[in-house]
Amino acid sequence: MRCVGIIGAVALLAGASMALAGVASATTITSPAGSAYTNVFHAVSTEKIILEGVVKAECDSTIEGSIQSHGAGITAAGNLTHFTFTNCTKTHGTTVLAAGTLTIHSDGNSNGTLTSSELQLTVVHTSPFGEVHCIYGTNNTDIGTLTGTTTTGGNALIHATAVIPTLAGSDFICGATAELKGTYRVTTPAALIVD
């Protein structure tokens with residue numbers, strides 16, 4: 001059986017790109033405080049990230065991208081260049097087909113909410129009926145929150161919690177969605193604030 005489910009995510013934590021998109025209110029990513037940050041950001045999982053669909057996979061994960069737009073009347077956004085899942089349990093392979101884009105919406109308190117688009121992820125595992133293929137994807141999908149920091153020695157945290165639809169082409173056993181949850185520590189930049 002062949003099952004294709006796409007996670008268009010993290011569009012995060014989602015091609016492999018990260019985007020911060022535009023809205024009526026402004027969102028600016030700063031590092032250090034007061035200085036707009038338009039460079040690479042990198043985040044690694046602090047524990048196993050859970051990807052639970054027809055099976056519950058637990059994986060190490062890394063996100064990397066660049067902040068490409070922010071400022072007056074614009075929501076911070078960028079393309080992800082890397083979104084990886086490695087050392088996964090209960091699967092024969094978890095592959096990110098496209099990292100997608102990530103958008104950050106300020107909550108007014110140095111933190112933000114995250115939206116992912118165009119993330120596509122395929123998961124392969126064995127069932128009693130044979131190999132099962134599921135592809136999941138994000139499309140303007142809420143994927144979690146970003147807790148900023150103003151301390152140079154501290155790190156911002158991404159708290160992923162998302163329900164990602166299964167895409168057409170997945171095996172029927174894949175179900176309608178998969179759940180993504182876990183925490184990432186932003187290692188670059190050292191301090192990251194959502195203004």
Practice task
Give the minimum heavy-atom separation between Ala178 and Leu51, together with the two atoms involved.
Solution key: CB-CD1, 4.2 Å

Problem - Thr177 side-chain N/O to Val163 backbone N/O, donor-acceptor pair under 3.5 Å - result: no

Handout entry: Under 3.5 Å: donor-acceptor pair, side chain of Thr28, backbone of Ala36
Key = no

Exercise for the section: Please answer: with hydrophobic residues joined when any side-chain heavy atoms are less than 4.5 Å apart, are Ile63 and Leu157 in the same cluster? Expected result: no

Problem - 4.5 Å side-chain heavy-atom contact, Asp107 and Val194 - result: no

Handout entry: Any side-chain heavy-atom pair of Phe85 and Leu121 under 4.5 Å
Key = yes

Practice task
Begin from the C-alpha positions of His42 and Val186 and carry the test side chain to side chain contact (heavy atoms under 4.5 Å, CB included) through to its verdict.
Solution key: CA-CA 6 Å; His42 185 267; Val186 178; over 6 Å; no

Problem - Non-hydrogen side-chain atoms of Thr84 and Val96 separated by less than 4.5 Å - result: no

Exercise for the section: Calculate, to the nearest 0.5 Å, the distance between atoms NE2 and CD1 belonging to His159 and Ile143 respectively. Expected result: 12.5 Å

Fill in the blank from the handout: OG1 of Thr91 to CD of Glu58, rounded to nearest 0.5 Å, is 11.0 Å

Practice task
Please check if atom NZ in Lys90 has more than 12 non-hydrogen atoms from other residues, nucleotides or ligands closer than 6.0 Å.
Solution key: no

Exercise for the section: Could you tell me whether the side chain of Ser66 and the main chain of Gln68 form a donor-acceptor pair under 3.5 Å? Expected result: no

Practice task
Apply side chain to side chain contact (heavy atoms under 4.5 Å, CB included) to Val54 and His125, showing your working.
Solution key: CA-CA 9 Å; Val54 66; His125 66 91; 2.6 Å; yes

Completion exercise
In this structure, CD of Glu47 is separated from CD1 of Ile49 (nearest 0.5 Å) by 6.0 Å

Exercise for the section: May I ask you to decide if Cys59's main-chain N or O and Asn87's side chain share a donor-acceptor pair within less than 3.5 Å? Expected result: no

Problem - Residue pair Leu180 / Ile50, side-chain heavy-atom distance below 4.5 Å - result: no

Fill in the blank from the handout: Rounded to the nearest 0.5 Å, the OG atom of Ser35 sits from the CD1 atom of Ile29 at a distance of 13.5 Å

Practice task
Taking the side chain as every heavy atom from C-beta outward, state whether Thr145 and Leu114 have any atom pair closer than 4.5 Å.
Solution key: no

Completion exercise
Here the gap from Glu179 atom CD to Thr161 atom OG1, rounded to the nearest 0.5 Å, amounts to 6.0 Å

Problem - Side-chain (Thr27) to main-chain (His105) donor-acceptor, under 3.5 angstrom - result: no

Exercise for the section: May I ask you to decide if Gly175's main-chain N or O and Thr166's side chain share a donor-acceptor pair within less than 3.5 Å? Expected result: yes

Exercise for the section: Side-chain contact test, heavy atoms from C-beta onward, threshold under 4.5 Å: evaluate it for Val40 versus Glu64 and give yes or no. Expected result: yes

Practice task
Group every Ile, Leu, Val, Met, Phe, Trp and Tyr by side-chain heavy-atom contacts under 4.5 Å, then state whether Ile193 and Tyr184 land in the same group.
Solution key: no

Practice task
Please answer: with hydrophobic residues joined when any side-chain heavy atoms are less than 4.5 Å apart, are Ile158 and Val44 in the same cluster?
Solution key: no

Handout entry: Donor-acceptor pair, side chain of Asn39 and main chain of Tyr37, under 3.5 angstrom
Key = no

Exercise for the section: Any chance you could measure Leu192, atom CG, to Ser31, atom OG, to the nearest 0.5 Å? Expected result: 6.0 Å

Practice task
Please tell me if the side chains of Thr122 and Thr94 come closer than 4.5 Å, counting only heavy atoms from C-beta onward.
Solution key: no

Problem - Common cluster, Leu146/Ile67, ILVMFWY with side-chain heavy-atom separation under 4.5 Å - result: yes

